[in-house]
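See structure below.
These figures come from a predicted structure and were not determined experimentally. A, B, ... follow the sequence lines: proteins, then strands. Residue 1 opens every chain.
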Number of protein chains: 2
Amino acid sequence: MTSLSTFAEIAALAGDPGRAAMLRALMDGRALTASELAYVAGVTAQTASGHLARMTTAGLLSVAKQGRHRYHRLASSDVAQMIESIMQVASGPGSKRSPLAVGPKDAALRLARTCYDHLAGRLGVALADAVVGSGHVELATDGGLVTDAGVDFFGSIGIDFSALMTRDGKRSSRILCRPCLDWSERRPHIAGSIGAALCAHSFAAGWIDRINGTRAVMITPKGQRVFLEQFGVQLG
Amino acid sequence: MTSLSTFAEIAALAGDPGRAAMLRALMDGRALTASELAYVAGVTAQTASGHLARMTTAGLLSVAKQGRHRYHRLASSDVAQMIESIMQVASGPGSKRSPLAVGPKDAALRLARTCYDHLAGRLGVALADAVVGSGHVELATDGGLVTDAGVDFFGSIGIDFSALMTRDGKRSSRILCRPCLDWSERRPHIAGSIGAALCAHSFAAGWIDRINGTRAVMITPKGQRVFLEQFGVQLG
DNA sequence: AAAATGTTACGGTTACCGTCGAAGCATCAG
DNA sequence: CTGATGCTTCGACGGTAACCGTAACATTTT
C-alpha cells in the first residue's frame with residue numbers, strides 16, 4: 001500500500017506550521033529564495049533549508065539555482081490545487097474561530113493579487129463576474145467553459161486559444177476553465193488555463209504590475225482603462 | 001492569520017498514517033463504525049476514538065449515532081476532493097517507489113468500485129470513455145460539460161438534470177461535471193454532480209450492487225445488459 | 001585573496017503526539 | 001438485574017521530529 005504511506009507523508013509535510021507558511025507564500029506562483037521562505041515561516045535559515053529539502057525530494061517543490069541563490073517554487077499545478085483544496089476545507093464551516101475577520105488584512109492584497117498562476121482578490125472576482133455576465137464564460141461549482149462568443153472576445157484582446165485547444169490531438173472543446181473559491185472574497189474567480197492566460201497577458205500587456213515582490217499587484221493606468229472599456233470593471 | 005493555523009492543522013490531521021488510512025477507507029462515501037475504522041488503521045479502539053474525535057471537531061468527519069454504534073463519514077465533498085488532490089500529488093512523479101505496482105490489487109476493486117459518490121475502476125473509466133466518444137460529455141483536464149445531446153441521453157435512461165440545473169436562480173448551463181483521475185487506471189473518469197447522479201441511479205436501478213459492504217461493486221446481469229445497450233460498454 | 005552573503009551539514013536538547021492499559025458510560029440481550 | 005458489546009476518557013510511556021547552536025561549503029563581490 002505504497003500510495004497510502006506516501007499519502008500520509010505528503011499530508012504531514014503540509015501539516016507543519018512552518019512548511020505550511022512556506023507553501024502558502026509560494027501560492028503566488030513565483031519562485032522565492034530559501035532566506036525569504038525562512039522569514040515567512042519564522043524560522044532560521046538552517047531549519048528552513050531542511051524543510052525545503054524534504055519538500056523538494058517529496059515532489060512538492062522544484063528548485064532552480066541561479067548564482068548563489070536557490071529559487072524554490074511549487075512543483076506543479078497539482079500541488080497548487082492540493083493547497084487550495086486544503087484551504088477550502090480549512091476555511092469551511094469547521095472554522096468557528098473569528099467567523100468574519102478572515103482573509104488577508106492588507107488592503108492591496110484584498111484588491112488584487114495572484115493566486116498561483118491566475119488573478120484573485122476583488123479584481124479577480126470582478127473580472128470573473130464581468131465575463132460571466134457578458135456570456136463569454138459560464139461558471140458552475142464543478143467547472144467552467146468558454147462560449148464561442150468568449151473565444152472571439154478573448155481573441156480580440158490578445159489571448160489566443162488555438163494553442164490551448166490542441167490537446168490530445170483533436171480539438172478538446174472549450175473547457176479550459178476552473179472555478180477557484182477565494183478565501184478573502186468568498187466568491188469564485190477564474191482559474192485553469194484561461195485564468196493563467198489572462199493573468200500572464202495582463203502582466204505582459206502592462207495592465208497590472210507586481211508590488212515590490214509580493215503577491216499583491218497594482219492596476220496600472222493603462223490597465224484601469226482596459227478593464228473598464230473591455231470588461232466594464234472599475235474598482236475603488 | 002487564523003486561516004493559516006487551521007491550514008496546518010487540517011493537513012497535519014491527514015498526515016498521520018492511521019488517520020490517513022481511515023480517510024482513505026471513507027472515500028467510498030459510506031459511513032463506518034469506529035471499530036471498523038480502528039481495524040483499517042491498525043490501531044486499538046482507544047486510539048481510533050481519539051483520532052475520530054479530533055477529525056470530527058476539525059470538520060473533516062461527521063458522525064451519526066445509531067443505537068450503540070457511531071457511524072462516521074466524510075463531512076463534505078470538499079473533504080473528499082482534498083483527499084483526492086493529496087492522492088494526486090502522492091501518486092505523481094515524486095513516487096519513485098514501486099513505479100508500476102501501484103493501485104488496488106484486488107481484482108474486484110480494479111473492475112468497479114465507488115470513489116466517494118461516483119464510480120471508478122475499469123467500469124468508471126469505460127463509462128467515461130463511452131459518453132465522451134458518443135459526444136454526450138466533453139472532458140478536459142480542467143473540467144467537463146454535458147452537451148445538449150447528452151442531456152437528452154441521460155434523460156432517456158432516467159437521470160433528470162432539471163433539478164441539478166437550477167442553481168443561482170437562472171439556468172446554470174450544463175457544467176455539472178468534473179474529471180477525477182483514478183490511481184488504479186491512471187485515466188480520468190466522471191465525478192461531480194453527473195458522476196454522483198449516475199452512480200446513485202445505477203444503484204437504484206439495480207445495475208450494480210455493493211460487494212458485502214466494501215467499496216467494490218459488482219455489475220448485475222441487468223446492468224451488463226444496460227451498459228452494453230446504452231453505453232456500448234462490455235467488461236471482462 | 002579576502003570578505004560577505006547564501007546555503008547545507010552535524011549534534012544535542014526539547015516538546016509534542018501517537019500509542020496502549022485500565023477504568024468509566026452508554027446501549028442491547030437474556 | 002446481570003452480562004456483553006461498543007465507544008470514550010484518563011494517565012503514563014516512548015519515539016519522532018522540529019529547533020537552534022556551531023561549523024563547513026559554495027558563490028559573488030571588493
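- The CD atom of B/Glu9 sits 10 Å away from the P atom of C/dC17 (whole-angstrom rounding).
- Both B/Tyr71 and A/Gly18 lie near DNA chain D, and the one whose nearest nucleotide falls closer to the 5' end is B/Tyr71.
- The side chain of A/Ser49 places no N or O atom within less than 4.0 Å of a non-bridging phosphate oxygen (OP1 or OP2) of C/dA9.
- OP1 or OP2 of C/dG18 lies within a sub-4.0 Å distance of a side-chain N or O belonging to B/Arg19.
- Annotation: side chain of B/Tyr116 is not in contact with side chain of B/Val79 (no heavy-atom distance under 4.5 Å).
- Across all strands, B/Ala45 comes closer than 4.0 Å to base atoms (heavy-atom distances).
- The phosphate of C/dT27 has neither OP1 nor OP2 within less than 4.0 Å of any side-chain N or O from B/Arg70.
- The distance from atom CZ of A/Arg68 to atom P of D/dT28 is 8 Å, rounded to the nearest whole Å.
- The distance from atom NE2 of B/His69 to atom C1' of D/dT5 is 8 Å, rounded to the nearest whole Å.
- Residue contacts shown for A/Thr47 include a base, since a base heavy atom lies under 4.0 Å away.
- For the pair B/Arg210/B/Thr114, a side-chain contact is recorded, criterion being any heavy-atom separation below 4.5 Å from C-beta on.
- In this structure, A/His189 and A/His118 have tilted ring planes: the angle between them lies in the 30° to 60° band.
- One atom, CG of B/Asp16, and another, C1' of C/dC16, lie 13 Å apart when rounded to the nearest Å.
- A salt bridge is defined here as a Lys NZ or Arg NE, NH1 or NH2 lying under 4.0 Å from an Asp or Glu carboxylate O, and A/Glu84 with A/Arg178 meets this definition.
- Per the geometry, CD belonging to A/Glu36 stands 14 Å off C1' belonging to C/dT5, to the nearest Å.
- Straight-line distance from the CD atom of B/Gln46 to the C1' atom of D/dT5: 14 Å, rounded to whole Å.
- Separating the CD atom of A/Gln66 from the P atom of D/dT28 is a distance of 10 Å, rounded to the nearest angstrom.
- Note on B/His51: a side-chain N or O is less than 4.0 Å away from OP1 or OP2 of C/dT19.
- Rounding to whole angstrom units, CE of residue A/Met22 and C1' of D/dC19 are separated by 12 Å.
- Side chain of A/His201 to main chain of A/Ile157: a donor-acceptor pair is present (N/O by atom type, distance under 3.5 Å, no hydrogens or angles).
- Using a 4.0 Å cut-off, no side-chain N or O of B/Thr44 falls inside it from OP1 or OP2 of C/dT19.
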